[in-house]
Engineer: 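I have a structure I would like to understand better, so I am pasting it below and will then ask my questions one at a time.
Lettering follows sequence order; numbering is per chain, from 1.
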Amino acid sequence: MKISLRLFAAARDSIGEAKIGVDLQDGATIATLRTALQTEYPELNSLFALAMFAINEDYANNDTPLSNDDVIACIPPVSGG
Amino acid sequence: MIELTNETIDSNEVLSKVQSNNAGAVVLFLGTTREFTNGKQTLSLDYECYPEMAKKKLEELEQQARQKWELVKVLIVHRLGHLELGEASIAIAVSSAHRQASFEAGKWLIDTIKEVVPIWKKENWSDGTTDWVHPGVSADEQQPADEQSPKPTQCKSESSDIESSS
């Protein structure tokens, strides 16, 4: 399956896209996605290691399964306030 | 009540929105742009957010604060876009019948916002370099590759009145 991933801040600036498509096997989870990103973008290894991921605007756990229709976002460590 | 705005935060206006005859205490916290961080000089900051989720998380935090403390009114305003030194990036105003609830809720809100709300700041340093601030991430991954980068997600000025019936 192919999921669409929203990117922000350093992840977006480094990759140069606000949204990317990621190919994953069926049954993939947040953990699978994280590993795929670290493989594809080794220069962002620690960012993806520490990032949270959101599904439909809520934080998801590493073992949460993904689906094509989800709005998935990479949330690197935050610095608001 | 939650507001995400690209406009200057007017602290008097923020205060006036949480004052009430039912409140004997009003606490206002302002987060402002600091010039020096670990010896490095900041010229300005840029803030961006994941708009839909930032709004949702801030609304959830307001509701959690209202469950933990007896509050009369809550207003959280987060500034987005470009900020010069000294400008406020966030205002948190809380009112309650007695002061302890307002002080504790205000502190809990800013501490928790800094941990969970998807908002990021970029430091524009005096030496011309820039860094996204992602606590814990190695420094060389925080530097944006400027020129070809797409524009940040536009965080429109918006506010919504979601005050609960307290």
Side-chain angles (χ1 to χ4, degrees), chain A residues 3-22 30-31 33-62 64-81, chain B residues 4 29-32 45-58 60 76 78-80 88-92 109-123 130-155:
Chain A
I3 61 106
S4 164
L5 179 71
R6 292 183 70 166
L7 300 173
F8 296 96
R12 182 205 55 237
D13 279 4
S14 178
I15 291 172
E17 303 283 349
K19 194 180 268 188
I20 57 172
V22 185
I30 293 290
L33 170 63
R34 188 190 302 277
T35 306
L37 290 167
Q38 286 175 301
T39 306
E40 180 75 22
Y41 305 101
E43 71 280 12
L44 293 175
N45 186 61
S46 85
L47 186 148
F48 286 128
L50 291 168
M52 301 282 286
F53 288 84
I55 298 179
N56 305 325
E57 287 114 39
D58 276 315
Y59 288 112
N61 296 321
N62 250 342
T64 307
L66 303 175
S67 117
N68 284 328
D69 330 321
D70 290 332
V71 176
I72 306 170
C74 172
I75 313 291
V78 300
S79 52
Chain B
L4 296 173
F29 172 81
L30 293 179
T32 55
L45 295 176
D46 287 283
Y47 279 88
E48 74 164 77
C49 72
Y50 176 4
E52 302 89 336
M53 186 171 169
K55 192 92 186 303
K56 184 173 171 181
K57 291 295 142 196
L58 287 167
E60 288 173 7
I76 303 169
H78 205 298
R79 174 87 181 270
L80 298 161
S89 52
I90 190 168
I92 298 173
L109 281 166
I110 183 61
D111 289 347
T112 313
I113 285 167
K114 282 177 167 287
E115 288 176 8
V116 305
V117 179
I119 299 177
W120 301 272
K121 73 174 166 187
K122 186 170 68 175
E123 293 270 7
T130 62
D131 286 315
W132 282 106
V133 180
H134 294 309
V137 174
S138 79
D140 58 354
E141 295 182 21
Q142 305 194 22
Q143 289 166 5
D146 314 288
E147 295 83 22
Q148 314 92 327
S149 298
K151 295 197 112 177
T153 308
Q154 210 28 272
C155 295

Engineer: Grab the two heavy atoms, one from A:Gly81 and one from B:Ser89, that are nearest each other, plus how far apart they are.
Structural biologist: O-OG, 2.9 Å

Engineer: Any chance you could measure B:Glu48, atom CD, to A:Ser79, atom OG, to the nearest 0.5 Å?
Structural biologist: 9.0 Å

Engineer: Side chain, backbone, both or neither: which part of B:Lys121 has an atom under 4.5 Å from a heavy atom of chain A?
Structural biologist: both

Engineer: Is A:Arg12 close to B:Trp132 at the side-chain level, that is, under 4.5 Å between some pair of heavy atoms?
Structural biologist: yes

Engineer: With a 4.5 angstrom heavy-atom cut-off, is it the side chain or the backbone of B:Val117 that approaches chain A, or both, or neither?
Structural biologist: backbone

Engineer: Between B:Val116 and A:Val78, which heavy-atom pair has the shortest distance, and what is it?
Structural biologist: N-CG2, 4.1 Å

Engineer: Does any N or O in the side chain of B:Glu141 come within less than 3.5 Å of the main-chain N or O of A:Leu47, such that one atom is a donor and the other an acceptor?
Structural biologist: yes

Engineer: Would you call B:Met53 and A:Arg6 a side-chain contact if the rule is heavy atoms closer than 4.5 Å?
Structural biologist: no

Engineer: A:Asp58 versus B:Glu60: any side-chain heavy-atom pair under 4.5 Å?
Structural biologist: yes

Engineer: Is B:His134 reaching over with its side chain to a backbone N or O of A:Ala10, donor-acceptor style, under 3.5 angstrom?
Structural biologist: yes

Engineer: Are side-chain heavy atoms of B:Pro118 and A:Phe8 found at a separation under 4.5 Å?
Structural biologist: no

Engineer: With a 4.5 angstrom heavy-atom cut-off, could you sort out which part of A:Leu50 is near chain B: side chain, backbone, both or neither?
Structural biologist: side chain

Engineer: Sort out for me which of B:Asp140, B:Ile76, B:Val137 touches chain A most, counting heavy-atom pairs under 4.5 Å.
Structural biologist: B:Val137

Engineer: Quick one: does B:Trp120's side chain have a donor or acceptor within less than 3.5 Å of a partner on A:Pro76's backbone?
Structural biologist: yes

